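Notes follow once the structure below has been shown.
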There are 2 protein chains.
Amino acid sequence: MSGIECCNGLTMAESDLQTRARELLRAADGRITSARLAVLEVLLGSAAALSHHEIENAIAQRGRDVDRVTLYRVLDWLVERDLAHRIASEDRIWRFNAVDRVQAGDHAHFHCTRCGQIVCLDGPYSSAAPALPTGYQPERTEITIHGRCPGCAG
Amino acid sequence: MSGIECCNGLTMAESDLQTRARELLRAADGRITSARLAVLEVLLGSAAALSHHEIENAIAQRGRDVDRVTLYRVLDWLVERDLAHRIASEDRIWRFNAVDRVQAGDHAHFHCTRCGQIVCLDGPYSSAAPALPTGYQPERTEITIHGRCPGCAG
DNA sequence: TTAAAAGATGCAATCCAATTGCATCTATGG
DNA sequence: CCATAGATGCAATTGGATTGCATCTTTTAA
């Protein structure tokens with residue numbers, strides 16, 4: 001959380017997020033609604049993938065309010081348009097992050113086994129998985145590294 | 001589904017599963033109950049990881065009956081004792097398979113994007129994931145290969 | 001062989017993320 | 001400014017998983 005106070009009471013960072021979110025939505029060929037702006041701003045402002053509840057709270061903190069169902073639908077829409085990325089994890093909760101600078105294609109994930117946080121790892125990777133039995137046709141490979149994030153490593 | 005009819009009306013394969021399941025339970029230092037036997041037999045008889053419902057159905061087909069909650073608890077118990085392996089997937093459903101010949105440690109999974117089936121892949125693997133940002137401590141790496149299984153590849 | 005106790009089971013109720021139906025509202029093109 | 005395709009809010013529902021508690025069963029020891 002950083003940024004310099006700006007004319008409208010928001011930090012520079014927040015103002016930038018608004019602008020960026022609006023740009024992305026405009027380019028996505030769909031209606032620019034307050035719910036979509038709010039959600040996308042939150043996602044753009046977070047390095048970690050966020051759960052539905054975390055997004056809801058972040059929006060509430062900004063003094064805005066989005067219905068739970070709408071949030072789900074906005075997230076679906078963003079994922080459909082490749083503006084967001086949906087991650088499944090072992091706790092059966094979907095997490096989302098903005099597909100901004102994060103590469104749209106294959107990328108690995110880091111999952112903190114203590115706080116549950118999930119972040120996308122930049123850069124390419126390769127894997128030497130065991131040979132597939134006859135008849136299996138691979139399409140994509142998913143890699144998740146489990147461990148401790150910097151905050152939980154101590 | 002194969003096997004030769006045996007004296008007790010079960011196929012040889014089923015009889016073998018019963019014996020093997022009983023052995024494993026005995027070695028696990030816990031009570032040998034009919035629910036545990038039934039569940040472990042089913043898991044031992046399947047190459048693919050099975051969902052809760054699939055296990056329930058398989059048990060029912062054998063003319064036995066296990067309460068839903070008991071099934072969950074038996075599965076937890078088997079996982080705790082390293083007799084079974086629990087797999088999370090994108091459909092938010094737990095799947096289980098017996099840890100018999102399947103290596104207990106790290107191994108990759110294959111997920112069929114059409115039928116949803118998940119199987120454990122034998123053998124070791126290595127991955128060249130992107131370098132972790134400073135402060136991240138890796139513990140284990142999980143690899144899932146998504147694609148088509150032999151039955152769905154056509 | 002049997003009784004006590006440690007542990008497993010069944011049932012009902014509950015939790016919680018996610019989804020669906022439907023009436024209402026609104027962003028956008030004309 | 002209007003019409004409307006599309007988005008939203010609310011209530012109800014789904015479905016996998018979990019919890020509390022009374023009852024039953026496996027085991028151990030007498």
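Bear in mind that the values here come from a model prediction, so they are computed numbers and not experimental data. In what follows, chains are A, B, ... by sequence order, proteins preceding strands, each numbered from 1.
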Return the set of residues passing side chain to side chain contact (heavy atoms under 4.5 Å, CB included) with [X] (not counting sequence neighbours), or none when no residue passes.
X	answer
A:Ala60	none
B:Glu90	A:Ala88, A:Trp94, A:Arg140, A:Glu142, B:His146
B:Ile93	B:Ser51, B:Asp91, B:Arg95

Heavy-atom check, side chain of B:Val119 versus side chain of B:Cys149, under 4.5 Å: no
Side chains of A:Ile55 and A:Leu50 in contact at under 4.5 Å (non-hydrogen atoms): yes
Within residues 21-40 of chain A: residues closer than 4.0 Å to DNA chain D (heavy atoms): A:Arg31, A:Thr33, A:Ala35, A:Arg36
Rounded off to whole Å, could you give me the [atom1]-to-[atom2] distance for the [X] and [N] pair?
X	N	atom1	atom2	value
B:Leu75	D:dG16	CG	P	14 Å
B:Asp76	C:dT9	CG	P	12 Å
B:Leu71	C:dA8	CG	C1'	14 Å
A:Glu54	C:dA17	CD	C1'	14 Å
B:Asp67	D:dT25	CG	P	14 Å
B:Trp77	D:dT18	CH2	P	18 Å
B:His52	D:dT18	NE2	C1'	11 Å
A:Arg92	C:dC15	CZ	P	16 Å

Which residues share a salt bridge (Lys or Arg N to Asp or Glu O under 4.0 Å) with A:Arg92, sequence neighbours left out: none
Contact under 4.0 Å: B:Tyr72 side-chain N or O vs D:dT18 OP1/OP2: no
Short side-chain N/O contact to C:dA17 OP1/OP2 from A:Trp94, under 4.0 Å: no
Minimum-distance nucleotide (side-chain atoms of B:His53 versus D:dG16, C:dG10, C:dT9): D:dG16
Shared-cluster residues of B:Ile118, by chain and number - hydrophobic side chains joined below 4.5 Å: B:Ile87
Which donor-acceptor pairs under 3.5 Å do the side chains of residues 68-80 of chain A make with protein atoms, sequence neighbours left out?
from    : atom 1 : to      : atom 2 : distance (Å)
A:Asp76 : OD1    : A:Arg86 : NH2    : 3.2

Identify the pairs formed between an N or O of the protein and an N or O of nucleotides 20-25 of chain C at a distance under 3.5 Å, and give each distance.
none

Test side-chain hydrogen bond (donor to acceptor under 3.5 Å, both in side chains) applied to B:His52 - qualifying residues, sequence neighbours left out: none
Degree of bending, the helix from C:dT1-D:dA30 to C:dG30-D:dC1 (end axes from five pairs; round to 10°): 30°
Sequence-distant partners of A:Phe110, ring pair (Phe, Tyr, Trp, His ring centres under 6.0 Å), two or more places apart: B:Tyr136
Atom pairs and distances, side-chain donor-acceptor, residues 21-31 of chain A, under 3.5 Å, sequence neighbours left out:
from    : atom 1 : to      : atom 2 : distance (Å)
A:Glu23 : OE1    : A:Arg20 : NH1    : 3.0

